[in-house]
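A short worksheet on the structure shown next.
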There are 2 protein chains.
Amino acid sequence: MEMEKTKSAGYLANHMARLFASGLQARIKPLGLAPAQFMTLLELWNRDGLTQKELVVLLDVEQATMANTIRRMERDGLIERKAHPKDGRAQSIFLTEKARQVEADAVIAAKTQNAEALEGLAHAERTQFLDLMSRVITNMRDRASEKS
Amino acid sequence: MEMEKTKSAGYLANHMARLFASGLQARIKPLGLAPAQFMTLLELWNRDGLTQKELVVLLDVEQATMANTIRRMERDGLIERKAHPKDGRAQSIFLTEKARQVEADAVIAAKTQNAEALEGLAHAERTQFLDLMSRVITNMRDRASEKS
DNA sequence: TATATATACATAGCGAGCTATCTAAAAGGA
DNA sequence: TCCTTTTAGATAGCTCGCTATGTATATATA
């Protein structure tokens, strides 16, 4: 039973994601951001005052993962937590001035990384690439949630 | 400057790779394997007695990453290290009987995971998906090596 | 040959993902 | 109202990436 890794979608997905992450990391490190922090900031730049739970749903990571990411972001002065007005268990997460200031540069960095990765792909290929990834994600997400 | 994460190749690549990894993990955990161990075993099932350095090149991970993966594989009784006959710095890595015994089941698990992920894609779409990922990987790899 | 450089591997320390488990508050039901 | 269940979050402990650095052996050069 042969298994050629260069023809395995899973192997390629892992390899590709690592290259995206390290490329993005190099670009945003000067801004004081790490990749998961950037992804979280994307949601917060869009709308402030979310709870940890809301971020978990938006980014589709486990609660424990988000708890740690948020802790590092607080440590790094990117966010502040305030008591939730209605729910004593929850906290609302707000951006600091520092986080607001890096938005433009960080978004440019991410767009540049994406552009570099997709270099040499025709417009239609790019569209299809995003579509195929979305469909594959949907396949696996649905299958995963079925089991719970 | 808007940034829609569902249209960002990097975001999708990360999400997809996490789903592949957790799907594979669930399937091979009963065999006593973790995902990175499986990827390493794919090379060793193909050819035994490789050095750590050779595995680093084949899997395109950092040397320190491979050193840790190998240590866990040794701990778990999947490999044994023997002194390299020609080079006093290096070690040759050999499979244990245990590692050989799980090959067939592990390969089936990985193929099943890939098949599930690609469900609903036409044959031509699957081919193109692998091709697009390969080209994107090449883009980023070349760019990364340029800088060193 | 003696020294300098390059290479193979180990280790420390961090980010980011995961599962499992705990606490405290909220919500629901008897 | 009281008790049970659910939910929000924290924490411990693991894998697997990474960078940076140290050590010992090989190799190359003066």
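Note on naming: letters A, B, ... go to the chains in the order of the sequence lines (proteins, then strands), and numbering restarts at 1 for each one.
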Taking only residues at least two apart or on different chains, which pairs with a member in residues 11-21 of chain B satisfy side-chain hydrogen bond (donor to acceptor under 3.5 Å, both in side chains)? A:Asp60-B:His15, B:Asn14-B:Arg18

Contact class for A:Asn14 (heavy atom, under 4.0 Å): base, sugar-phosphate, or nothing?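 Touches sugar-phosphate only.
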
Could you report the tightest heavy-atom contact between A:Leu121 and A:Arg126, atom names first, then the distance?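 It is O-NE, 2.9 Å.
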
Report, as yes or no, whether the 6.0 Å neighbourhood of atom CZ on A:Arg47 holds more than 12 heavy atoms from other residues, nucleotides or ligands. no

What is the distance, rounded to the nearest whole Å, between atom [atom1] of [X] and atom [atom2] of [N]?
X: B:Leu78; N: D:dT15; atom1: CG; atom2: C1'; result: 14 Å
X: B:Met73; N: D:dC16; atom1: CE; atom2: C1'; result: 13 Å
X: A:Met16; N: D:dG17; atom1: CE; atom2: P; result: 15 Å
X: A:Leu55; N: D:dA10; atom1: CG; atom2: P; result: 12 Å
X: B:Glu74; N: D:dT15; atom1: CD; atom2: C1'; result: 17 Å
X: B:Phe20; N: D:dG17; atom1: CZ; atom2: P; result: 15 Å
X: B:His15; N: C:dG17; atom1: NE2; atom2: P; result: 11 Å
X: A:Ile93; N: D:dA8; atom1: CD1; atom2: P; result: 13 Å

Counting primed atoms, P, OP1 and OP2 as sugar-phosphate and everything else as base, the B/S/- map of nucleotides 5-13 of chain C against protein heavy atoms under 4.0 Å is --BSBBB--

B:Gln52 and B:Gln91 side chains, donor-acceptor separation under 3.5 Å: no

To the nearest 0.5 Å, atom CG of B:Leu95 lies from atom CG of B:Leu78 at 8.5 Å

Any side-chain heavy atom of B:Arg100 within less than 4.5 Å of one from B:Glu97? yes

Identify whether B:Trp45 and B:Val57 are in the same connected component of the hydrophobic contact network (ILVMFWY, side-chain heavy atoms under 4.5 Å). no

Which comes earlier along DNA chain D counting from the 5' end, the contact point of A:Ser22 or that of B:Gly88, where each point is its nearest nucleotide?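 By nearest-heavy-atom nucleotide position, the 5'-most residue is A:Ser22.
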
Phosphate oxygens OP1/OP2 of C:dA16: is one of them under 4.0 Å from a side-chain N or O of A:Arg18?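 The answer is no; no side-chain N or O of A:Arg18 sits under 4.0 Å from OP1 or OP2.
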
